[in-house]
Amino acid sequence: MTGRLVKPSSTLLKTFQSWKGGSIRVERNDKLKGRLDVVLDRPEKNNCLSGEMMREFGEHIEKISSDENSVIVVSGVGKSFCSGADLGLIKDISDQNLGVQMFEYMSTILRILNSSPAISIAKIHGHALGGATEICSATDIRIAHSGAKIAFFQSKMGIVPSWGGAEYLEKIMGRGRALAAMGRANVMSADEAKQQVKKGSQEEQKKLLKDVWNGETHRNALKKQLEAVVKK
């Protein structure tokens, strides 16, 4: 079940609007009608999030997250997925004591994405740094290019992941590995990040396979395939 987006206050919205640059758009795939691409488009800045992009991100996710038959793919234009939030914007927000409001806004966006009935995928290439890692952690699936570099850089700036990333990362890696990744802020390759993923028990894996292959969805799909063969 998805939640409603926390609307930014007039002061925070004004600050967002003053930090322009780039855009976030949603594209529908002509070949795969259920696919919705959320595209981060600020390649000259490695897709770091401006205020306007944060505002657009919230508006788009709120609109598309309730589509239970969709696959939402988050990706970046150019050489990188995303290098986090614009540091100039973060300083401006901090100077105005708007940090908590911004954290609530962004964490709500990611909570809506994470709880959406749609399947969400982060398509990672180049760099995924800081806030970008929190976006990736909030999705159901992460697909990374072999040359991708991933790092929770927040601790190097004296802050903690505040968009909900810590909670999602613990579920992905387990508590110990998640704390190490966030505390050390080391840059991981795609393969190194994959090695940190928590392995489910054999019982959990068997249950997942049983749910998928013996579930109603699979039975209906198999029935349609059989009917198609009979009609030929």
Side-chain angles (χ1 to χ4, degrees), residues 1-26 36 38-40 42 45 47-67 72 74 76 81-118 120 122 128-140 142 151-173 175 178-179 181-183 185:
M1 182 177 180
T2 58
R4 296 293 295 175
L5 186 65
V6 173
K7 299 297 183 183
S9 67
S10 58
T11 306
L12 182 59
L13 181 59
K14 185 177 180 180
T15 303
F16 279 168
Q17 292 171 337
S18 69
W19 284 88
K20 302 185 182 298
S23 65
I24 294 181
R25 61 181 185 275
V26 174
L36 298 171
V38 178
V39 183
L40 315 181
R42 198 185 183 190
K45 295 285 188 178
N47 298 319
C48 74
L49 301 178
S50 65
E52 276 289 275
M53 291 172 74
M54 286 187 181
R55 181 187 62 79
E56 291 172 346
F57 193 33
E59 290 178 354
H60 288 315
I61 294 301
E62 186 177 25
K63 289 178 182 177
I64 68 176
S65 63
S66 61
D67 192 340
I72 299 172
V74 186
F81 173 76
C82 176
S83 57
D86 189 310
L87 295 182
L89 168 64
I90 297 302
K91 183 179 184 305
D92 192 6
I93 286 175
S94 177
D95 290 344
Q96 298 183 66
N97 294 318
L98 296 172
V100 172
Q101 291 185 36
M102 188 269 284
F103 296 155
E104 288 179 347
Y105 175 75
M106 290 301 297
S107 64
T108 303
I109 294 173
L110 298 190
R111 185 167 65 250
I112 292 173
L113 177 64
N114 181 259
S115 61
S116 169
S120 56
L129 308 174
T133 59
E134 300 196 62
I135 295 174
C136 296
S137 299
T139 60
D140 298 311
R142 288 148 295 282
F152 278 79
F153 267 168
Q154 290 90 331
S155 64
K156 289 192 174 182
M157 297 184 288
I159 59 175
V160 297
S162 52
W163 298 355
E167 176 185 353
Y168 306 129
L169 193 65
E170 181 181 359
K171 293 178 181 178
I172 295 167
M173 291 184 172
R175 182 176 176 82
L179 287 172
M182 291 183 289

**Those residues that, when tested against Glu167, pass salt bridge (Lys or Arg N to Asp or Glu O under 4.0 Å) (two or more places apart)** =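 Result, salt bridge (Lys or Arg N to Asp or Glu O under 4.0 Å) vs Glu167: Lys171.
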**Partners meeting salt bridge (Lys or Arg N to Asp or Glu O under 4.0 Å) with Glu170 (sequence neighbours left out)** =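 Result, salt bridge (Lys or Arg N to Asp or Glu O under 4.0 Å) vs Glu170: none returned.
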Could you pull out the closest heavy-atom pair between [X] and [Y], with the gap in Å?
X      : Y      : answer
Ile72  : Ala118 : CD1-CB, 3.9 Å
Ala185 : Ala151 : O-CB, 4.4 Å
Ser107 : Gly164 : CB-N, 4.2 Å
Ile112 : Ser65  : CG2-OG, 3.1 Å
Ala132 : Cys82  : CB-O, 3.2 Å
Ser137 : Gly165 : CB-O, 4.2 Å

Min side-chain heavy-atom separation [X]-[Y] under 4.5 Å:
X      : Y      : result
Leu110 : Thr139 : no
Pro8   : Arg55  : no
Val74  : Phe81  : yes
Val39  : Ile24  : no

Look up atom [atom1] in [X] and atom [atom2] in [Y], then write down how far apart they are to the nearest 0.5 Å.
X      : Y      : atom1 : atom2 : value
Asn114 : Ile61  : CG    : CD1   : 11.5 Å
Phe57  : Leu49  : CZ    : CG    : 7.5 Å
Met54  : Glu59  : CE    : CD    : 14.0 Å
Ile135 : Trp163 : CD1   : CH2   : 6.0 Å
Leu89  : Leu98  : CG    : CG    : 10.0 Å
Phe16  : Met53  : CZ    : CE    : 12.5 Å

**Prompt:** Please, which pairs that meet salt bridge (Lys or Arg N to Asp or Glu O under 4.0 Å) have at least one residue in residues 16-26, sequence neighbours excluded?
**Reply:** Arg25-Glu27, Arg25-Asp41
**Message:** Test: salt bridge (Lys or Arg N to Asp or Glu O under 4.0 Å). Region: residues 92-107. Which pairs qualify, not counting sequence neighbours?
**Reply:** Lys91-Asp95
**Message:** Between Glu52 and Arg42, does any NZ, NE, NH1 or NH2 come within less than 4.0 Å of an OD or OE carboxylate oxygen?
**Reply:** no
**Item:** With sequence neighbours excluded, residues passing side chain to side chain donor-acceptor pair (under 3.5 Å) with Ser162
**Value:**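 Checked Ser162 against side chain to side chain donor-acceptor pair (under 3.5 Å); zero matches.
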**Item:** Any residue meeting side chain to side chain donor-acceptor pair (under 3.5 Å) with Ser9, in chain and number order, not counting sequence neighbours
**Value:**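 Ser9 satisfies side chain to side chain donor-acceptor pair (under 3.5 Å) with Gln101 once adjacent residues are dropped.
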Just by modelled atom types, is the [Y] backbone N or O under 3.5 Å from a matching donor or acceptor in the [X] side chain?
X      : Y      : answer
Ser94  : Ile90  : no
Arg142 : Cys136 : yes
Gln154 : Pro161 : no

**Request:** Could you walk me through whether Val38 and Ile64 pass side chain to side chain contact (heavy atoms under 4.5 Å, CB included), step by step?
**Result:** CA-CA 10 Å; Val38 178; Ile64 68 176; 3.7 Å; yes
**Request:** Check step by step if side chain to side chain contact (heavy atoms under 4.5 Å, CB included) holds for Arg111 and Tyr168.
**Result:** CA-CA 10 Å; Arg111 185 167 65 250; Tyr168 306 129; 3.8 Å; yes
**Asked** Quick one: do the Asp140 and Ser120 side chains pair a donor with an acceptor below 3.5 Å?
**Response** yes
**Message:** Could you tell me if Gln96 and Thr15 have a donor-acceptor pair between their side chains, going purely by distance under 3.5 Å?
**Reply:** yes
